[in-house]
Each structure stands twice: as structure tokens, then as C-alpha cells.
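Structure first, then comments.
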Amino acid sequence: MALDRVALYVGLEEKITSEQVCAFFALVKRRIGHEPTAYITEHKEFFGLDFHVASPVLIPRPETEMLVEQGIEMGTNLFADSCLIADVGTGCGAIAIALAMNLQHARIYATDISSAALEIARNNCHRHGVADRVILLQSDLLDSLPEPVHLIIANLPYVNESELAELGTEISIFEPVLALNGGVDGLVFIEGLVSQAERNLLPGGAILLEIGYDQGQAVCELARMHLPKSEVSVTKDLGGLDRVVSIRTSP
Ligand SMILES: C[S@@+](CC[C@H](N)C(=O)[O-])C[C@H]1O[C@@H](n2cnc3c(N)ncnc32)[C@H](O)[C@@H]1O
């Protein structure tokens with residue numbers, strides 16, 4: 001039942017049919033059952049762009065926009081001549097596509113272990129006209145990356161598995177566990193990625209990671225262990241919580 005806002009206002013005086021009333025209340029019933037609005041409408045805005053979303057992908061969150069802002073800054077200032085990026089765990093493609101739209105010189109590998117997520121990302125790449133610069137790969141972390149990149153960016157699952165049930169009905173019942181479960185300490189995928197980074201980064205390359213509010217110190221330690229010559233820092237989100245770890249390797 002697709003209807004844009006203009007059509008809605010132009011047709012305000014039109015009578016609605018009983019089928020439309022039934023369809024509307026079927027949607028209301030889904031929402032009463034705690035299904036997130038984005039899955040019902042199949043849309044979510046992220047970084048000013050409209051994304052198709054469905055049950056195989058996490059609904060992009062506003063706090064992840066910080067990761068994109070930092071990626072754009074690095075792509076513009078550090079990798080101004082050529083910019084190869086890997087977005088690991090791309091989901092609906094939100095990070096990769098927002099970067100591609102704002103860094104015209106960038107080429108981006110967008111990986112996910114889920115083929116269903118990659119189909120949704122493919123649809124979004126076509127809708128935003130970036131399918132020629134966003135290369136989708138089914139991959140466990142960076143296993144299938146064909147070449148080293150300047151920037152690895154990732155919002156991987158980072159919820160401690162013992163805390164999954166506490167996430168609230170909308171998340172724990174409707175969002176994919178594959179997108180949330182970060183294993184026993186929440187850091188299984190982040191550590192896996194950091195341990196693969198050295199051989200997948202070009203000299204002077206960087207990593208940007210979204211993290212949980214209480215993971216800043218642990219992720220900085222992992223980064224210093226696997227990439228001892230790197231500069232590591234944590235940025236807080238607008239709520240004052242640790243949100244992004246930035247790792248810069250030496251040239
Ligand atoms: C937290 S979601 C993030 C989705 C999207 N990047 C965003 O920020 O909205 C994590 C994504 O990582 C993917 N994922 C989980 N394990 C993975 C793995 N071992 N390798 C690659 N992707 C993985 C999930 O399928 C999911 O799409």
C-alpha cells in the first residue's frame with residue numbers, strides 16, 4: 001500500500017474503501033504486536049537517505065551516523081586521492097551507501113555473512129545509484145576481501161549474548177539475532193575483525209568501529225594488542241557514551 005505524502009494530501013477528500021480500512025487495521029495490529037514501524041513501512045531514514053529495510057536486516061540507528069561522519073572526514077582529508085573502503089557487516093547497506101553518496105571518489109566493498117541482508121543492500125545500492133561503486137560480498141568478516149583498503153568501517157554485532165533478552169520486545173523478537181549477538185563478551189566479531197585488519201589495510205590505513213557504551217577500554221586494548229603501532233581513540237556520542245573507536249595505523 002505505497003502512497004506518498006503529496007498523493008495523500010491531494011486525495012484527502014476521497015472516500016476510502018473497506019479493503020483499505022482492513023489493510024490499515026492489519027498494519028495497526030502489527031504495530032500493537034510491537035513490530036517496529038520501520039519493518040511495517042519497509043523504510044528507514046538514515047543520514048538523510050531513505051533505505052528499504054525488512055526482517056533480515058537491522059534497522060539503522062541514528063547513533064551509527066557518527067561512524068559515517070567520521071568515515072567521510074577520513075575519506076575527505078586522509079584519503080583524498082584514492083579511497084578504498086570496506087564496510088563490514090553492511091546489513092541494508094546504510095553505511096556503505098551513505099559513504100558512497102558523500103565520497104564520490106570512494107570505492108567500497110560492503111560485506112555481510114547473510115545473503116538475505118546482501119539482497120536488501122543490493123536493492124538499496126540500485127535505488128541510490130551507487131551500484132557501480134559499492135561492491136557487495138558475502139563474507140565472514142574480511143575473509144573474502146579481494147584487496148587491502150584504506151579504511152575499514154564496521155558496526156558489527158556487539159551485544160553480550162547474556163544481555164540479548166534484556167533488549168526489549170521490539171528488538172529481541174523482531175530484529176535478526178545475527179545482527180546483534182556479539183558472543184560471550186560482546187566482542188567476538190570486533191576482535192575477529194581487528195585481528196584480520198593488519199593484512200587487509202594499506203599502509204597508513206584506518207579502522208572505525210561502532211561499540212557498546214561500556215566497551216571503549218576493552219576495544220582500545222584489543223586494538224593496541226593486534227596493531228601495536230597504531231593511534232587509538234574513542235569518541236563519545238551525543239548522550240556522552242563511548243560510541244566509536246578510531247584506529248590509525250602508521251604510514
Ligand atoms: C549491527 S548489524 C549492522 C548493520 C548495518 N551496518 C548498520 O549499521 O545498520 C551487524 C551486521 O553484521 C552482519 N554479520 C554478523 N556476523 C558477521 C560476520 N561474521 N561477518 C560479516 N558480517 C556479519 C549481520 O548479518 C548484520 O547485518
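Order of listing sets the numbers, starting from 1, for every ligand and every atom in it.
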Within-shell test, Cys92 vs ligand 1, heavy atom, strictly < 4.0 Å: no

For atom 12 (O) of ligand 1, find the nearest protein heavy atom and state the residue, atom name and distance (0.1 Å precision). Gly89 CA, 3.3 Å

Quick one: which ligand 1 atoms are inside 4.0 Å of a heavy atom on Ser139? 20 (N), 21 (C)

Atom 23 (C) of ligand 1: of Ile113, Leu118, Ile153, the nearest heavy atom sits on Ile113

Quick one: look up the protein heavy atom nearest atom 1 (C) of ligand 1 and list residue, atom name and how far away it is. Ala179 O, 3.0 Å

Quick test: of every protein heavy atom, which one is nearest to atom 9 (O) of ligand 1, and how far off is it to 0.1 Å? Pro60 CA, 3.7 Å

For atom 25 (O) of ligand 1, which candidate among Asn181, Asp112, Val188 holds the nearest heavy atom? Asp112

I'd like to know if Leu141 contacts ligand 1, where contact means a heavy-atom distance under 4.0 Å to any ligand atom. yes

Just need the protein heavy atom nearest to atom 7 (C) of ligand 1, so name the residue and atom and give the distance. Asn155 ND2, 3.7 Å

Give the atoms of ligand 1, by number and element, whose distance to some non-hydrogen atom of Thr64 is under 4.0 Å. 8 (O)

Closest approach of any protein heavy atom to atom 19 (N) of ligand 1, naming residue and atom: Asp140 OD1, 2.8 Å

Against heavy atoms of Ile95, which atoms of ligand 1 measure under 4.0 Å? 6 (N), 8 (O)

Between Glu221 and Arg224, does any side-chain N to carboxylate O distance fall below 4.0 Å? no

Any idea which protein heavy atom is nearest atom 15 (C) of ligand 1, and the distance to it? Leu178 O, 3.3 Å

If the contact criterion is a heavy-atom separation under 4.0 Å, does Ala117 count as touching ligand 1? no

Note the single closest protein heavy atom to atom 5 (C) of ligand 1, along with its residue, its atom name and the distance in Å. Thr90 O, 3.4 Å

For ligand 1, which atoms, with element, lie under 4.0 Å from some heavy atom of Phe189? 16 (N), 19 (N)

